[in-house]
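First the structure, in the form of structure tokens, and then the observations on it.
These numbers come from the heavy atoms of this one structure, side chains and all, not from hydrogens, waters or symmetry mates. Here is how names work: the chains are called A, B, and so on, in the same order as the sequence lines, proteins then strands, and each is numbered from 1.
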Amino acid sequence: MFQQMVLSSIDLKNRFFEVNFLPDLTVLKDSIQRKGILQPIIVKCHSDPRLDRGEESLQIVSGFRRLDCARALGLTQVPALIVEGELSDLALFERALEENLFSRPFNLIEKTIVLQKLKVQFHVPESLLIEKYMPIIGLDPAATVYQRYQELLNLENSIQIYIVQQNLPLHVIESFLAYTQKEQKMLSSFLSPIHFTVSGLKEFLIWVREVMVRDKVELSEILSSVHSCSQYEEVKKVLKLKRYPRLSELEEKFKVFKQSLSLPLEAPLFFEDNKIQMKFGFRNKIELKEWAQKIDRALDKKELEEMLKLL
Amino acid sequence: MIHYRPQKIYIDRAVCDSPITKNILDSFSDIPREYIEGKPEFLNTLHQYPDPIFEGKKYLWVTKNHGKLVKKCGASTSSLQNVVCCNYTILDFSFNCHFECMYCFLQEYTNLPMMVVYANIKDMLTSVQEVLNSASSRNIRIGTGEMADSLALDEVTGFSQHLVPFFANQKKALLELKTKSTCIKNLLNMDPKGQTVIAWTLSPELYAQKYDLKTASIKERLEAARLCQKAGYKIAFHLDPLIQEPTWKEDYKQLVDELFDQFNLEWVSLGALRFNANLKTIIQRRFPNSFLITGEFVSTPDGKKRYIRSIREEMYETLQGYILQKKTKTPVYLCMESDLVWKNVMGYAPETQEALERYLTGRDSPIKSGNDRGVAK
Ligand code: SF4
């Protein structure tokens, strides 16, 4: 049976069972404002060392988001269910997990928090954690995956926020792990104003890291060379020059020669092959003749010679 | 060099009586062993390990190779446009290697990360004999170093004691044992009769220290090569992978000087660093912040990442230049390169696989067909 509970009797500071990271409360708050809290929160009696001997507080097991909304909305009472009996903290945590999963998917950082709490707070052995709990939160039961999620704990807080806000997949997040926490902080303030595609962001992170390793330069130096860019395409252009100097030079020269030859020429992919392609259309003999004349003129230009030397 | 020592040995009952199995068990008499049929149970538990590649190598599986024992090298089936293949034949005697070279493509075989030795030596020799019987060529090169180092475990398995005498008794093929080890003890007591080439894969010493984590040093490899040459073996070197470190020009100059001043070589191959996109991810994960993958790599038609062609050509031309200065007749070939690169670097591309094969076995000179830039080399 649930009962209406005075909000102040619940210890809102105790987040022992919480797994939320950056929850979006807007929709929930609107709903609570309209209809109130429909599903009771779950609490348990908890002897609190901060209180007088013998006194107990109510510890939240699940319903952290609802309670945060209630507080923000100035509610004084909430429906709550007090769990009684011999349920262990781990069993309660499992219950809270299931309740959370019922209402929403966990983001990547929340999954990391779940695994970390199971390991540190509830002392679940690693093998059980992998076999039993990872599938519950939608992860493959593999040590490699577990290790990857453990590594996410090393991410700097601002990057964790960025990851959740951008809803980035794990394969992109892994690229952040190559950076120190200090570097991650720098990255988060650089990245936030620019719109990256997922693949673009991954490419950016990998290229920057590779330039740092290859040229033994600091991240700040690379970021300062792109700091005036506001679009990803601009960033990519500057960065490509650094990451692929030889290829960029060939492409640039090809572009210049192509312009002066005024022909629809295409360089071989990455200059691996040595054939330039040309594609044009015509509707009649006059148009074809015009192309033939253009080609004829190009044959005498030194730019064509120069272009061929690029191959 | 770090010698291999497994934590446990799984023995397939099908190869219990093989002399190879016996050698292995004698060498590792104190190591736990389990006789099995089928695959080791251990393979089902791999997902429990954060680095299955590293973990898997602690286990040795002695089994029978049920597949094709003798096959063509990957280049002959490559989709790289006009790839020039040297018609190499591979004898599959083992799988995986404990030497942990950072660039090793074996890291990609994550579903079988164990050390595997195929002990059905009799079947292997029968298969080789069949190839020899049906071949018209007398320039066949057969190597064992494709899916494993040819000699890394030789002092444990004793493979060479079967292979070297077998090849010594025929004249159609050369056996090539490719290695980064110094495991030559077995070799020194046999007479190869000119039919076995021991080939060391080399790079400048500093590169080996950086990237070949458990192999013999270059100095040790060259000392082993000297002993083998003295014992009557033919010697070859593979400068592969060529790595574009900032000081690569001086580093490779020094290496080439050292090699050609001391050895009569059967052949030298040059191969610039290349890898599948998947391997790049594995390298990044296993060896974070490695310089190795920071070069100007681009995708090439066979799906492999290679240095952009102009860099590869510059590296090959430079090394070929060093070699030419030595006024040697040693055949030099490019490993897994297109005919365009061959023509631009060497001034010709072999017209057929057989032509290259003849060239490498010293029975012919290369067929010069000019380069694509019209530049005389
Ligand atoms: S020696 Fe060869 S097979 Fe062994 S790890 Fe190195 S590259 Fe791989």
Item to check | Intermediate values then yes/no, salt bridge (Lys or Arg N to Asp or Glu O under 4.0 Å), A:Glu272 and B:Arg312 | outcome: CA-CA 10 Å; A:Glu272 178 62 24; B:Arg312 277 156 38 221; 2.8 Å; yes
Checklist outcome for this item: Rounding to 0.5 Å, atoms NZ (B:Lys343) and CG (A:Asn274) come to a distance of 8.5 Å
Checklist entry - Residue by residue, which of residues 286-299 of chain B have a heavy atom closer than 4.5 Å to a heavy atom belonging to chain A? => result B:Asn289, B:Ser290, B:Phe291, B:Ile293, B:Thr294, B:Gly295, B:Glu296, B:Phe297, B:Val298, B:Ser299
Checklist entry - More than 12 heavy atoms of other residues, nucleotides or ligands under 6.0 Å from NZ of B:Lys210: is that the case? => result yes
Checklist entry - For B:Leu46, is it the side chain, the backbone, both, or neither that has a heavy atom closer than 4.5 Å to a heavy atom of chain A? => result neither
Checklist entry - Who pairs with A:Phe93 by ring pair (Phe, Tyr, Trp, His ring centres under 6.0 Å), at least two apart in sequence or on another chain? => result A:Phe122
Item to check | Non-neighbouring partners of A:Asn107 that pass side-chain contact (heavy atoms from CB on, under 4.5 Å), sequence neighbours left out | outcome: A:Phe21, A:Ile109, A:Glu110, A:Val164
Item to check | Among A:Arg243, A:Gln147, A:His171, residue most engaged with chain B (heavy-atom pairs, under 4.5 Å) | outcome: A:Arg243
Next on the checklist: Need one label for B:Pro246: side chain, backbone, both or neither, based on atoms under 4.5 Å from any heavy atom in chain A.
Outcome noted: neither
Item to check | A:Glu218, CD: over 12 other non-hydrogen atoms inside 6.0 angstrom | outcome: no
Item to check | Rounded distance (nearest 0.5 Å) linking atom CG of A:Leu269 with atom OG1 of B:Thr300 | outcome: 10.0 Å
Item to check | Crowding at CZ, B:Phe54 (>12 non-hydrogen neighbours, <6.0 Å) | outcome: no
Item to check | Heavy-atom proximity to chain B below 4.5 Å, by part of A:Ile206 | outcome: side chain
Checklist outcome for this item: From the list A:Glu174, A:Arg209, A:Glu210, side chain to side chain contact (heavy atoms under 4.5 Å, CB included) with B:Gln284 holds only for A:Glu210
Next on the checklist: For the CD1 atom of B:Ile308 and the CZ atom of A:Phe271, what is their distance to the nearest 0.5 Å?
Outcome noted: 7.5 Å
Next on the checklist: Counting neighbours of CD on B:Gln254 that are heavy atoms of other residues, nucleotides or ligands and sit closer than 6.0 Å, is the number greater than 12?
Outcome noted: no
Checklist entry - Does B:Glu314 pair with A:Arg246 as a salt bridge, N-O distance under 4.0 Å? => result yes
Checklist outcome for this item: So, the part of A:Pro141 with a heavy atom under 4.5 Å from chain B: the answer is backbone
Checklist entry - Around A:Lys253, counting heavy atoms of other residues, nucleotides and ligands shown, do more than 12 lie under 6.0 Å from its NZ? => result no
Checklist outcome for this item: With sequence neighbours left out, the residues meeting side-chain contact (heavy atoms from CB on, under 4.5 Å) with B:Leu324 are B:Gln320
Checklist entry - So with a 6.0 Å cut-off around CD of A:Glu131, is the heavy-atom count from everything else above 12? => result yes
Next on the checklist: Does A:Lys301 have more than 12 heavy atoms from other residues, nucleotides or ligands lying within 6.0 Å of its NZ?
Outcome noted: yes
Checklist outcome for this item: One should read off an interatomic distance between A:Leu247 CG and B:Arg309 CZ, to the nearest 0.5 angstrom, of 12.0 Å
